[in-house]
Amino acid sequence: MSYAKPISIVATLIATLTILYSNFIRANISFAPKPASQIQSASINPINEVGYGSVIYYLANKKHITQVALDTKVQMDITGTINRVRVEQTFTNPSNEWVEGVYVFPLPTDSAVDHLNMIIGKRIIKGQIKERKEAKKIYNKAKKAGKKASLVEQQRPNIFTTSVANIPPGKSITIAIEYQQAVLIDNDKFSIRFPMVVGDRYIPGKKISTPHNSIGVIGNTHQVPDAASITPPTEAYIDRDISIDIKLKAGFDTESIDSSYHDINVVDVNNLTKHITLKNKNTQANSDFELNWQAHKTLTPNLALFTQQKGSDNYLMLMATPPADEAFKQLDVNREVIFVIDSSGSMLGSSMFQASRALTQAINRLKVTDRFNIIDFDDGFDPLFDSAMPAVKSNKRHGVRFANNLSADGGTEPLEAIKYALNSRDKSSDNYLRQVIFLTDGQVGNEEEIFRTVRLNIDNDRLFTIGIGAAPNSHLMTKLADFGKGAYTFIGDIDEVEVKMIELFGKLESPALTNINIDFPNDINAEQALGAISDLYKGESITAVFKLNAIPNSLTISGDVADGVFSENVSISVNNNTNGIDVLWARRKIDQLMDKYRAQYRKIDRDQVQDDITNLALEYHLVSKFTSLVAVDVTPSKPGSEPLVSQAVAKKIKAAKTATSSAMWMLIGLIIMLLSVFTYKRKAL
């Protein structure tokens, strides 16, 4: 008997199933999508990595929503020490429904977001700054009326969301957001960082009710009441192309320009201006972008002063690096170094390897007259010693063995470990310079609780943070370093662990200037944007921004050095006028007021500080915790009878799992069943 016919049938069925599966993976759509009338309309905050594509998300209630397409373009204009950035993102609705899109994008912690444009065809609708609740009402009213609208809200100082209502089927709407930041100076290098990823956040605490209009996989908890707004709702993965275009006017002839983690093209526009782009047009937004440039050694400034006059107000930004090395002798003091290291599940892989390697290097550099301890944490914590022990060879061997045996698993709960580190002083600790070093990817959702703990327990300790991995939580790391008058070090690549750790150890061992003070003439009223200035370490810089009643002719910088007191008088030229210092001052002033807000226990006091923050943000047109940008197209566009479907933006790092793998197993199972039937019939014959 010929088996050609049944074999042909089986082969056809297998081929058909394979094609169906392939189409399913490419589109990631349901085989039987539910009608629009059955799809939940929700205001979704899928806070995780920004991307674009078309993905079906399956909710707990068996309903589904379709993802919005997104394209991202970044333009930077760097002039001196001010970086003006425009982030342009386009929603493309791939469905046949009128939709609302809500997506998340990370920005630098010190970014001052002040402009929003909604672009529809050739029309531009400019955003207005409003009190947050009022902006939300305006947006919801426009959404209900069928008008195109956009809303920018701050979830964290480095995490923002944009909602876009009433995107027509198959059409696109472009949202352009502008912000500015200060250029960083460290070890004679200038740099800016653009975060591309909002990493998964570990959410501690007991669950509480989550608003009905949120779909975060992890719900709100007592420790993180807004968890539904900063946790990823899906397991979908998509490509995330991004383009970056930079005009760099450094103000001096650059010796070198490079990017830490991306290949770039650098074109000379003229002697002082460079045009920089990503070399790969299909660059994936899966690690933060960092640009570095350096002046020729003979031109490297040790002091930079920038002024701005705006109306009756004056602003001054000071960026100072230590003078020649001989001015600062190495601090000959014994140190008590407490390492707090993250070994939670989010550190799995290269991050854990980097952290262990960095910790080993740090232990080996300790002097015999120093003391140290290591505290390992995940969802619990485990100290090497009960309190700090002398850095003799035997104890250092225990420390290295401890570091090499670290394994990544469990949740990310650093709070108790940090509290233990700060409270583990003994009667001998007062004889040492106490430095706490915190190594982590920082992917936690309870930043506020950690900030409160550090602020209350820091005493005279110095706190240094080391961000490990492609996209550490820069808001957490920077703020903790500020509270502890320390420094934040970012290690994004395993190849730079040794170099960056050696730089950090050099700083830890050689504080150049402590207890820094900036003195203005008596007739000058100077309001600083932030509180105490951090200690100045060799190779670093300090940055301070002031609002003044007038620009003085000079000011004096003073502080303590290893062998006495340092003081230097600095002349100021009003000709060095720079735009944007006012916005940076306001952003930092809001940050300072937010610290004050968090420290209040009485509602009446918090409300007063909230009013101060709101008024300041409205005056300077800035997005904050209590203000938002809203843009509304006055012309209704969505027919009243059409339902509005909320769609989400997905995340991407690795190959898809969940729906993809289940579909694969379904396909394999069907093939096996068919082959079994065919084999059974063949044997029967």
Side-chain angles (χ1 to χ4, degrees), residues 107-115 129-136 152-160 179-182 225-226 229-230 308 310-311 313-318 446-456 458 463 473-485 488 518 520 525-534 542-549 580-629:
L107 290 180
T109 301
D110 65 340
S111 56
V113 181
D114 57 359
H115 282 81
I129 195 74
K130 300 287 183 182
E131 191 274 329
R132 185 163 184 160
K133 291 181 179 178
E134 181 185 356
K136 190 74 172 180
V152 176
E153 298 176 288
Q154 175 184 303
Q155 305 296 341
R156 294 288 191 274
N158 61 335
I159 303 178
F160 295 78
Y179 70 88
Q180 63 186 44
Q181 64 177 148
D226 63 344
S229 295
I230 61 166
Q308 180 186 6
K310 189 171 183 179
D313 295 324
N314 299 274
Y315 301 88
L316 181 144
M317 181 169 68
L318 166 71
N446 60 328
E447 295 101 329
E448 299 299 337
E449 191 173 13
I450 296 172
F451 294 155
R452 283 195 298 271
T453 296
V454 171
R455 190 167 52 241
L456 292 173
I458 190 67
L463 178 58
N473 183 349
S474 59
H475 169 50
L476 174 71
M477 310 301 277
T478 303
K479 199 67 180 173
L480 289 179
D482 288 343
F483 284 142
K485 291 187 177 182
Y488 166 44
I518 300 176
F520 289 88
N525 297 321
E527 184 179 2
Q528 188 179 348
L530 290 176
I533 300 174
S534 297
I542 57 172
T543 302
V545 185
F546 299 88
K547 183 177 181 180
L548 313 168
N549 61 324
I581 301 177
D582 59 329
V583 176
L584 287 176
W585 178 86
R587 180 67 180 83
R588 294 190 178 191
K589 186 66 178 179
I590 288 172
D591 194 30
Q592 181 186 27
L593 289 172
M594 281 301 304
D595 291 340
K596 183 178 179 181
Y597 174 84
R598 298 182 191 104
Q600 304 304 317
Y601 288 96
R602 298 193 308 166
K603 185 178 184 301
I604 188 172
D605 295 329
R606 285 198 304 273
D607 290 345
Q608 179 57 58
V609 180
Q610 179 175 331
D611 289 342
D612 294 340
I613 294 170
T614 301
N615 292 334
L616 187 64
L618 291 173
E619 179 183 354
Y620 285 84
H621 206 262
L622 293 176
V623 175
S624 70
K625 182 178 178 65
F626 307 116
T627 55
S628 301
L629 278 167

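Keep in mind that this is a model prediction, so the values were computed, not measured.
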To the nearest 0.5 Å, what is the distance between OG on Ser628 and NZ on Lys130?
12.0 Å
Dump the intermediate steps for side chain to side chain contact (heavy atoms under 4.5 Å, CB included) on Gln308 and Asn314, then the final yes or no.
CA-CA 6 Å; Gln308 180 186 6; Asn314 299 274; over 6 Å; no
The criterion is side chain to side chain donor-acceptor pair (under 3.5 Å); which residues satisfy it with Gln608, sequence neighbours excluded?
Asp612
Tell me every residue that passes salt bridge (Lys or Arg N to Asp or Glu O under 4.0 Å) with Glu134, counting only those two or more places apart in sequence or in another chain.
none
Cation-pi check for Phe483 against Lys485: NZ or CZ below 6.0 Å from the six-membered ring centre and within 45 degrees of the axis, yes or no?
no
Do Lys479 and Asp591 pass the salt bridge (Lys or Arg N to Asp or Glu O under 4.0 Å) test, and can you show the C-alpha distance, the side-chain angles, and the key distance before you say yes or no?
CA-CA 10 Å; Lys479 199 67 180 173; Asp591 194 30; 3.0 Å; yes
Hey, could you give me the CD/CG distance between Gln528 and Leu548, rounded to the nearest 0.5 Å?
11.0 Å
Side chain to side chain contact (heavy atoms under 4.5 Å, CB included) involving Leu618 - partner list, sequence neighbours excluded
Ile129, Thr614, Thr627
With sequence neighbours excluded, what pairs up with Asp607 under the side chain to side chain donor-acceptor pair (under 3.5 Å) test?
Lys603
Hey, mind stepping through Ile581 and Leu316 against side chain to side chain contact (heavy atoms under 4.5 Å, CB included) and telling me if it holds?
CA-CA 7 Å; Ile581 301 177; Leu316 181 144; over 6 Å; no
Just wondering, do Phe520 and Ile518 contact through their side chains at under 4.5 Å, heavy atoms?
yes
Would you call Arg132 and Glu153 a salt bridge, using N to O less than 4.0 angstrom?
yes
Using the salt bridge (Lys or Arg N to Asp or Glu O under 4.0 Å) criterion, which residues pair with Lys310? Sequence neighbours excluded.
Asp582
Nearest heavy-atom contact between Met317 and Leu584 is SD-CD1, 4.3 Å
Can you list the residues that meet the side chain to side chain donor-acceptor pair (under 3.5 Å) rule with Arg598, with sequence neighbours excluded?
Glu448, Asp595
Rounded at 0.5 Å granularity, tell me how far CG in Leu480 sits from CZ in Arg455.
10.5 Å
Heavy atoms only: give me the nearest Ser624-Ile590 pair and the separation to one decimal.
CB-CG2, 4.3 Å
Under 4.5 Å between any side-chain heavy atoms of Ile613 and Lys625, yes or no?
no
How would you list, by chain and number, every residue that makes a salt bridge (Lys or Arg N to Asp or Glu O under 4.0 Å) with Lys547, sequence neighbours excluded?
Asp313
With sequence neighbours excluded, tell me which residues meet side chain to side chain donor-acceptor pair (under 3.5 Å) with Tyr179.
none
Is Phe160 close to Leu107 at the side-chain level, that is, under 4.5 Å between some pair of heavy atoms?
yes
Please list, chain by chain and in numerical order, all residues satisfying side chain to side chain contact (heavy atoms under 4.5 Å, CB included) with Ala481, sequence neighbours excluded.
Thr465, Tyr488
For Leu622 and Val113, run side chain to side chain contact (heavy atoms under 4.5 Å, CB included): C-alpha distance rounded to whole Å, both residues' side-chain angles, the deciding distance at 0.1 Å, then the answer.
CA-CA 6 Å; Leu622 293 176; Val113 181; over 6 Å; no
If you measure from CG on Asp114 to CG on Leu629, what distance do you get to the nearest 0.5 Å?
8.0 Å
Just jot down the side chain to side chain contact (heavy atoms under 4.5 Å, CB included) partners of Gln600, sequence neighbours excluded, or say none.
Lys596, Asp605, Arg606, Val609
Side chain to side chain contact (heavy atoms under 4.5 Å, CB included), that's the test. Do Met594 and Phe626 meet it? Break it down for me.
CA-CA 10 Å; Met594 281 301 304; Phe626 307 116; 4.0 Å; yes
Side chains of Trp585 and Glu527, heavy atoms from C-beta outward: is any pair under 4.5 Å?
yes
